[in-house]
Amino acid sequence: MTATIPQAAPAASVVERPMVEAVEVHKRFGSLEVLKGITMSVERGQVVCLLGPSGSGKSTFLRCINHLEQIDAGMIRVAGETVGYRERNGKLYELREKEVAAQRRRVGMVFQRFNLFPHMTALENVIEAPVQVARRSKADARAHAMRLLDQVGLADKAGTYPAQLSGGQQQRVAIARALAMEPEVMLFDEPTSALDPELVGDVLDVMRGLAESGMTMIVVTHEIGFAREVGDVAVFMDGGVVVEAGDPAQVLVDPREERTRAFLSKVL
Amino acid sequence: MTATQPSSTAAPERPSGPSGARPGPIEAVPVRHPGRWIAAVLVLVLGIGATASILQNPNLDLPTVAEYLFKPLTINGVLITIWLTVASMVMGVLGGIVVAVMRLSANPVLSVAAWLFIWIFRGTPLLLQLIFWGFIGAFIPKIVIGVPFTSIEFWSFTTSDLIPATVAALLALGLNEMAYAAEIVRAGIQSVDHGQTEAAHSLGMSPTKTLRRIVLPQAMRVIIPPMGNETITMLKSTSLVAIVAGDDLMSNIREAYTQNYKIIPLLIVAAIWYLALTSILSIPQMWLERRYGRGFTGPRPTLGSRVATITQSIALPTREARSARASKKGAVS
């Protein structure tokens, strides 16, 4: 079961390739098939929210996009480049680890459990990849990092270690860290699920600002309100397939499919 | 529920109980610990008795201890012991990291090779390994670099020239340490949450860079305390090299007492030095633990505060406390 997403038709370029393109993606863990043919395309600047019960494969799909998981069948392209492979003369060549690392630089990722580097301060977390991977000068990276920390409202916490920050603050530092590599697309894997309820709002505010600035975002979330308000497209997944996809105002308010309806009635 | 309170008078300076008064601090008679007192007295009596009897023992021969404590023979031995410890620990730790990474490698050949290495060098006595390296010349008289199964030779050395006694000692200690260090490093690497690796990868860091910048610094927290143990064990294990090389502290001391038969005083000299060295070793360990503990804990307890805690738990009641309690008793009666 697949579904193509109705595109919001970006005004500027007509022939531009989609930012993220997935075709018939399959993934299995041992005998368990987690993704059973996901097809979807995300245009530059779009915000796509993936919703669905746990075990529906939405997080796995997200992790496939930056090759943290290897897919078994199908194809994922980011900005026109095949993820994990090089195509030459109609043949696929597996990429070396270094080349995979280079591909990942254009994709930022935010994790459910933040995964900040605990042995580094907030500022050190943010400048680590620009300095070590992109080879930017420390002064340059630091100035950029301070702007990003300011953007997420944590400029005053630059010298603080993650253990001394609240969950919401840690997640905002994690967003700044991902943005520091100037990615073209940002992946969010349940960014607010591990947070106390009163801290969720700050993180969602940062994400809303990011969406308004034109960042392409794919967000796995249980925040229906956020998906309705910020999302351009809502995708409902269940059992490794896309059940329903489209305008959030329709999918999340008046879904066509019974499974979507059942899920929403439990979450809302 | 504040429903009973008229809202017009709501200017509460402190949100408290109906009376509005904050209760004073609890005054209670503390629990007595007679067992602690008895145990402390018992241990003190035994300790003082033992110390006194040792100091009065004529065989202690403190003048000889003092004479040998800073003799060139002793000092040279101390220096060799330090050198052997440092060199073999450096070799052990650096090699251990390599073996640990091999052990965790997805390449089955590397992983099995590392396992085999650990199996052999951890599974046989250090003394055996020392003697083996000491007599390696008897096993492999010549080391030849050339093409195997042909007579082509680029270089050939006599083993005993290539591996003198001190190098043999170093090889034995270093290789043995490598096997232990590898297991400690492996445990350290495995203790780091996999999410850290994923986060580093998602930022475009290569596997090598992820290991060096993200995983190893965090693994150090787990690695350092057992590695401190290893260093202390190594310091003492260097005394075994007497079998093949010598010149270390224990060998020199033994050489001296086999000549003058002042066994006990000379052993005390060695003991003093070993204790001094192991005590000094705990300083860099503490420094390293603090360095790699950054971000994981709040301010660490200093030695001073730890002593304070210990003394507090067995503290005698102060005079003020006693008199306060006495006056209260008087007030009650």
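What you see is a predicted model, and the numbers here were worked out from it, not measured in a lab.
There is no contact between B:R291 and chain A, counting heavy-atom distances below 4.5 Å. Heavy atoms of A:A101 lying under 4.5 Å from chain B belong to its backbone as well as its side chain. Residue contact with chain B, scored on non-hydrogen atoms closer than 4.5 Å, involves the backbone and the side chain of A:P118 alike. Looking at A:F117, both its backbone and its side chain come within 4.5 Å of chain B, counting heavy atoms on both sides. Looking at A:L116, the atoms closer than 4.5 Å to chain B (heavy atoms on both sides) all sit in the backbone: N, CA, C or O.
Counting heavy atoms from C-beta on, the side chains of A:N115 and A:R113 come closer than 4.5 Å. A 4.5 Å side-chain heavy-atom check between A:M237 and A:L35 finds at least one atom pair inside the cut-off. A:L210 has its side chain within reach of A:Q151: a pair of non-hydrogen atoms, C-beta onward, lies under 4.5 Å apart.
A:R147 has no carboxylate O lying under 4.0 Å from a charged side-chain N of A:D150, or vice versa, which leaves the two without a salt bridge. Contact check on A:E87 versus A:R77 returns a salt bridge, with a Lys/Arg side-chain nitrogen under 4.0 Å from an Asp/Glu carboxylate oxygen.
The distance from the CE atom of A:M40 to the CD1 atom of A:I65 is 7.5 Å, given to the nearest 0.5 Å.
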Let's go through A:V185 and A:V42 carefully: what are the C-alpha distance in whole Å and the side-chain angles of both, what is the deciding distance for side chain to side chain contact (heavy atoms under 4.5 Å, CB included) to 0.1 Å, and is it a yes or a no? CA-CA 10 Å; A:V185 57; A:V42 179; 5.9 Å; no
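Between chain B and the options A:R63, A:H119, A:M181, A:E128, heavy-atom pairs under 4.5 Å are most frequent for A:H119. In terms of non-hydrogen atom pairs under 4.5 Å with chain B, the most contact-rich of A:L68, A:V107, A:V110 is A:L68.
With sequence neighbours excluded, the residues forming a side chain to side chain donor-acceptor pair (under 3.5 Å) with A:R177 are A:N125, listed by chain and number.
Residues A:E99 and A:Q103 have side chains that never bring a donor and an acceptor to within less than 3.5 angstrom of each other.
Heavy-atom neighbours of chain A within the stretch residues 192-201 of chain B, taken at a separation under 4.5 angstrom, comprise B:D193, B:G195, B:Q196, B:E198, B:A199, B:A200, B:H201.
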